[in-house]
Amino acid sequence: METFQSLLAKKLSDALKAADLPDAGELTPASDPRFGDYQINAALVLGKQRGENPRVLAEKIVAHFDAGDLCEPPGVAGPGFINFALRPGAVGEKTMEVLRDERLGVTETESPRRIVIDFGSPNAAKPMHVGHIRSTLLGDALARIAQFLGHEVIRDNHIGDWGTQFGMVIWGWKNLLDRQALQRNPLAEIVRIYKETNHRASNEPGVREACRQELIKLQAGDKENLDIWNECVAFSMQDFERTYKVLDIHYDIQCGESFYHDRLPGVVERLLKGGIAEISEGAVVVFFRDVPELADKPLIIRKRDGGFNYATTDIATIDYRVNDLKADAIWYVVGAPQTLHFKQIFEIGRREGYRADLCHIVFGNVLGEDRKLMKTRSGENVPLRELLEEACRRARKIIDEKNPDLGEDEKNDIAATIGIGAVKYADLLQYRTTDYIFSWDKMLSLHGNTAPYLQNAYVRIRSIFRKAGNPPLKIGRLIFADAAEINLAKRLCQFAEIVPQVLNGFRPNILANYLFELANSFHTFYEACPVLKSEEPARSSRLALCDLTARVLQRGLDLLGIKVPERM
RNA sequence: GCGCCCGUAGCUCAGCCGGAUAGAGCAACGGAUUUCUAAUCCGUAGGUCGGAGGUUCGAAUCCUCCCGGGCGCGCCA
């Protein structure tokens, strides 16, 4: 479906051609409502290129512009902007078109790609904590949006299940394990033995060496150690799954580090043979002498002791995703500290001749309200499950105050929808690279740009339809008697313009912001325009606007991984 | 030392491939409620966009330097 933006862009292109000018500038929403709905700076750009007066050029373009029924004849303003104001009739028709469209006007991409999205990636033998939340939420949202836009998405959980920590876990398992505690809470017991072993290993050289030996045995395929490892990983996965269920996160594949274990020797051999890697000080190293930025940043892919490290694994991972999964693009949703690492890894990918589009999608830290990395009072990472439970608990408390008559089960369901939604929305609302200050009070606030605010707009609409007995929509034509109605309609038409932009720079925050503005426009409409009490044909028209608003809110929030309640 | 990221209203943040008078939310202040859920709406006030130069008709945005904060830089992941 064409958007207003694409329609205007076409007409503008025609006008430029007719005026014997090349395409230039960018058609954007008007920076101020006083300038209309859209604007373009083409005349300014062309004026600069050709050394001509931009206002004269703008007049020339406008003279050739065929507005049709779409908009008023465009005006020239300021230094040479061309402003477009949509005609109400065109807004009405476009809104009806969106109303009839399952996809709410969003067209699928013309160049679908197969995209592997690597996000989440917790470490086995440790519970998930706040440090995993941004990668998980951001990756999931990008996956949902890319999929909706018609890409083939493979969500991959690259679990850290083969690190050196398993030497300690296995030693602890053999020497410290409390079987009963394991049965009660497996992951907690694994964490306990890991911590205790870690503590002892740093004080007792004998324990340290014993752990090293356990790791070597594991990597050599020792049956007993492999069994222990398998059990630990299984317990971890169960724990992750519980959290993923709460968060409504789903993976297509979960190829952790261990999946690549037996491919590592081949990777090193190939890179050595291809001249990409060389031996230096006993280790196998890749140098990037011709890349200024990396010239003094070599990458070790096999340690002097013959062991492999995570760089080797990541190269093997690219191999698999490109050669076996046939990925056109791989998106790594991984924190900013690993920027250098991915530059190195991607450069190796290029040297291997891979054409896939490799992106490191960085994001900032989660900070506490003291502006330092978010930790518990005792200085440990905040377990994700506890954080999510706290969100639901707080949401529940507010529901008890606001709507005490709801049933117990419904209250709990709503609390989960609101609490989890609040956590997700607060995170996604912010541009991903900025550090994010975690604040319960802000995200669950009853006021402002929060998930509950957006959910409330949806709930108000559902309430209207319940009260009206869920009548079938009578789709006649829309009536714009009040400014709030046409403003809402224009906003609804913008959904199709916003969604594709999210992938340009990986910015779910622009979708979150759009949804806030939509909810805001709706609330204004809601205050100004009674729906059920109004006479026909306004009543049907307003019901249609309500219905479409609900659908856009629901779909938009769904693209962010957020659910909506029917009541709250 | 080198490299990357960040510095915008009292607070939290948008805006950053140059464009019109720099926008939200919170907090503050003033209004609106016989409610289709006030978890709402309307309004007021609040800024040398860290600083200094430069490019440009035009700079929060691009370039250089400086200050301040974070992170990363060969055998952890």
Side-chain angles (χ1 to χ4, degrees), chain A residues 25-26 28 30-32 34-35 39 41 44-45 47-48 53-54 77-81 83 121 123 160 162-165 257 280-285 287 292-305 307 309-311 313-314 335-341 343 362 364-365 367 369 371-373 398-399 401-403 418 426 429-431 433-437 439 441-442 444-450 452-453 455-457 459-468 484 504-505 509-510 512-513 516-517 519-520 523-534 542 546 567-568:
Chain A
E26 198 185 354
T28 60
S31 60
D32 188 303
R34 285 179 299 124
F35 302 138
Q39 64 182 43
N41 60 352
L44 294 160
V45 174
K48 177 157 193 159
N53 184 330
F81 288 99
N83 294 327
S121 309
N123 286 320
W162 198 252
T164 40
Q165 77 265 32
E257 290 169 350
S280 167
E281 296 175 34
V284 179
V285 182
F287 289 94
E293 207 180 349
L294 300 176
D296 59 344
K297 310 270 190 273
L299 182 69
I300 289 175
I301 60 170
R302 192 176 71 199
K303 298 186 282 184
R304 198 191 317 222
D305 68 6
N309 55 24
Y310 80 126
T313 306
D314 279 353
Q338 295 200 40
T339 302
L340 173 62
H341 169 71
K343 277 184 183 155
V362 304
N365 297 312
L367 307 180
E369 297 196 57
R371 282 200 146 275
K372 293 190 176 140
L373 274 181
I398 297 166
I399 294 162
E401 287 165 16
K402 292 279 177 184
N403 216 339
I418 293 178
L429 177 62
Q430 202 155 118
Y431 179 62
T433 63
T434 27
D435 284 347
Y436 155 55
I437 298 181
S439 162
D441 292 337
K442 276 185 183 148
L444 282 169
S445 165
L446 313 182
H447 306 286
N449 193 350
T450 62
Y453 176 86
Q455 289 167 328
N456 179 241
V459 163
R460 285 177 133 186
I461 296 168
R462 296 304 308 146
S463 179
I464 289 173
F465 278 92
R466 266 197 306 278
K467 191 147 283 187
N504 175 20
N509 63 310
I510 66 175
N513 243 302
F516 170 71
E517 284 166 3
N520 194 18
H523 280 129
T524 303
F525 158 85
Y526 182 91
E527 297 285 332
C529 306
V531 178
L532 298 178
K533 287 177 200 155
S534 60
R542 289 174 178 178
C546 285
R567 270 182 264 268
M568 64 193 282

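Here is how names work: the chains are called A, B, and so on, in the same order as the sequence lines, proteins then strands, and each is numbered from 1. Keep in mind that this is a model prediction, so the values were computed, not measured.
Atom CG in A:Leu299 sits roughly 17 Å away from atom P in B:G72 (whole-Å rounding). Rounded to a whole Å, the CD1 atom of A:Ile300 is 4 Å from the C1' atom of B:G74. To the nearest angstrom, P of B:C71 lies 16 Å from CG of A:Leu340. As rounded to whole Å, 12 Å separates atom P of B:U21 from atom CD of A:Gln39. Per the geometry, CD belonging to A:Glu369 stands 12 Å off C1' belonging to B:C26, to the nearest Å. Taking atom CG of residue A:Asn449 and atom P of nucleotide B:A39, one finds them 18 Å apart after rounding to whole Å. As a whole-Å value, the separation of A:Asp296 CG from B:G3 C1' is 8 Å. Per the geometry, CZ belonging to A:Phe35 stands 8 Å off P belonging to B:U21, to the nearest Å.
Nucleic acid contact for A:Ile418: base, since at least one base atom lies under 4.0 Å from a heavy atom of the residue. Looking at heavy-atom distances under 4.0 Å, A:Glu257 makes contact with sugar-phosphate atoms alone, never a base. At a threshold of 4.0 angstrom between heavy atoms, the contacts of A:Ala468 with the nucleic acid are absent. Note on A:Pro337: only backbone sugar-phosphate atoms sit closer than 4.0 angstrom, heavy atoms only; bases stay farther off. No engagement by A:Thr433 is indicated, since no non-hydrogen atom pair under 4.0 Å with the nucleic acid exists. The residue A:Asp32 sits apart from the nucleic acid: no heavy atom pair falls under 4.0 Å. The residue A:Phe465 sits apart from the nucleic acid: no heavy atom pair falls under 4.0 Å. Looking at heavy-atom distances under 4.0 Å, A:Asn53 makes no contact with the nucleic acid at all. At a threshold of 4.0 angstrom between heavy atoms, the contacts of A:Asn41 include nucleobase atoms, whether or not backbone atoms are also involved. Counting non-hydrogen atoms under 4.0 angstrom, A:Ala336 reaches nothing in the nucleic acid.
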For this session: Verify side-chain contact (heavy atoms from CB on, under 4.5 Å) between A:Ile398 and A:Ile418, making sure each step is shown before the conclusion.
Result: CA-CA 10 Å; A:Ile398 297 166; A:Ile418 293 178; over 6 Å; no

For this session: Apply the test side-chain contact (heavy atoms from CB on, under 4.5 Å) to residues A:Arg371 and A:Ile437: give CA-CA distance (whole Å), side-chain angles for both, the deciding distance (0.1 Å), then the verdict.
Result: CA-CA 7 Å; A:Arg371 282 200 146 275; A:Ile437 298 181; 3.7 Å; yes

For this session: Report the C-alpha distance between A:Ile510 and A:Tyr431 in whole Å, list the side-chain angles of each, state the deciding distance to 0.1 Å, and finish with yes or no for side-chain contact (heavy atoms from CB on, under 4.5 Å).
Result: CA-CA 8 Å; A:Ile510 66 175; A:Tyr431 179 62; over 6 Å; no

Exercise. Where do A:Lys402 and A:Met568 land on the side-chain contact (heavy atoms from CB on, under 4.5 Å) test, with the steps shown first?
Worked result: CA-CA 8 Å; A:Lys402 292 279 177 184; A:Met568 64 193 282; over 6 Å; no

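Stacking between A:Tyr453 and the base of B:A39 is absent under the criterion of ring centres within 5.5 Å and planes under 30 degrees.
Helical stems of RNA chain B (runs of at least 3 Watson-Crick or G-U pairs, donor-acceptor distances under 3.5 Å) are listed by first residue: B:1-5 with B:69-73, B:10-13 with B:23-26, B:28-32 with B:40-44, B:50-54 with B:62-66.
In terms of position along RNA chain B, the nucleotide closest to A:Gly78 lies nearer the 5' end than the nucleotide closest to the other residue of the pair A:Gly78 and A:Thr164. Comparing A:Asn365 and A:Phe287 by the nucleotide of RNA chain B whose heavy atom lies nearest to each, the residue mapping closer to the 5' end is A:Asn365.
A:Lys303 approaches A:Asn309 most closely through the heavy-atom pair CG-ND2, 4.5 Å. When all heavy atoms of A:Ile464 and A:Cys546 are compared, the pair lying nearest together is CD1-SG, 4.1 Å. Summarising the geometry of A:Asn83 relative to A:Phe35, their closest heavy-atom pair is CB-O, 3.0 Å, with the distance given to 0.1 Å. Here the closest heavy-atom approach between residue A:Ala484 and residue A:Cys529 is recorded as CB-SG, 4.4 Å. Of all heavy-atom pairs between A:Leu429 and A:Asn509, the closest is O-CB, 3.2 Å. Here the closest non-hydrogen pair linking A:Tyr436 and A:Gln430 is CA-OE1, 3.5 Å.
A gap of 6 Å separates the C1' atoms of B:G46 and B:A9, to the nearest Å. Here, B:U8 and B:A60 have their C1' atoms 7 Å apart, quoted to the whole Å. The P atoms of B:G58 and B:G47 are separated by 26 Å, rounded to the nearest whole Å. Look at the P atom in both B:C41 and B:G25: the space between them is 9 Å, to the nearest Å. Here the separation of B:G51 from B:C67, taken at their C1' atoms, is 7 Å to the nearest Å. Spacing of P atoms, B:U40 relative to B:C49, comes out at 33 Å, to the nearest Å. Annotation: B:G18 and B:U33 have their C1' atoms spaced 47 Å apart (nearest Å). Between the C1' atoms of B:A45 and B:C6, the separation comes to 29 Å (whole Å).
Each of B:C41, B:G74, B:C4 was ranked by its minimum atom distance to the side chain of A:Lys343; first place goes to B:C4. Across B:C76, B:U21, B:A39, the shortest atom-to-atom separation from the side chain of A:Lys303 is found for B:C76. The side chain of A:Ile398 sits closest to B:A39 out of B:A39, B:G25, B:C41. Nearest nucleotide to the side chain of A:Tyr310, out of B:A77, B:U21, B:C75: B:A77. Relative to the side chain of A:Phe516, the nucleotides B:C4, B:G25, B:C75 differ in distance, and B:G25 lies closest.
No hydrogens or angles were tested; on distance alone, nothing pairs the side chain of A:Thr339 with the base of B:G3 as donor and acceptor under 3.5 Å.
The backbone N or O of A:Gly47 sits nowhere less than 3.5 Å from a side-chain atom of A:Asn53 that would complete a donor-acceptor pair. In terms of modelled atom types and a separation under 3.5 Å, the side chain of A:Arg542 and the main chain of A:Leu532 share no donor-acceptor contact.
Here A:Asn520 does not reach the OP1 or OP2 of B:U40: none of its side-chain N or O atoms lies under 4.0 Å away. Contact annotation: A:Thr524 side-chain N/O to B:U40 OP1/OP2 distance is not under 4.0 Å.
The side-chain heavy atoms of A:Val284 and A:Ile300, taken from C-beta on, include no pair separated by under 4.5 Å. Residues A:Asn449 and A:Asn513 meet the side-chain proximity criterion, which asks for heavy atoms closer than 4.5 Å.
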Protein-nucleic acid N or O pairs under 3.5 Å, nucleotides 11-13 of chain B:
from: B:U12; atom 1: OP1; to: A:Arg371; atom 2: NE; distance (Å): 3.2
from: B:U12; atom 1: O4'; to: A:Lys442; atom 2: NZ; distance (Å): 3.3
from: B:C13; atom 1: OP1; to: A:Asp435; atom 2: O; distance (Å): 3.2
from: B:C13; atom 1: OP2; to: A:Arg371; atom 2: NH2; distance (Å): 3.4

What's touching nucleotides 58-61 of chain B from the protein side, N or O pairs under 3.5 Å?
from: B:G58; atom 1: O6; to: A:Lys48; atom 2: NZ; distance (Å): 2.7

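Ring geometry for A:His341 versus A:Tyr310: interplanar angle under 30°, hence parallel rather than tilted (30 to 60°).
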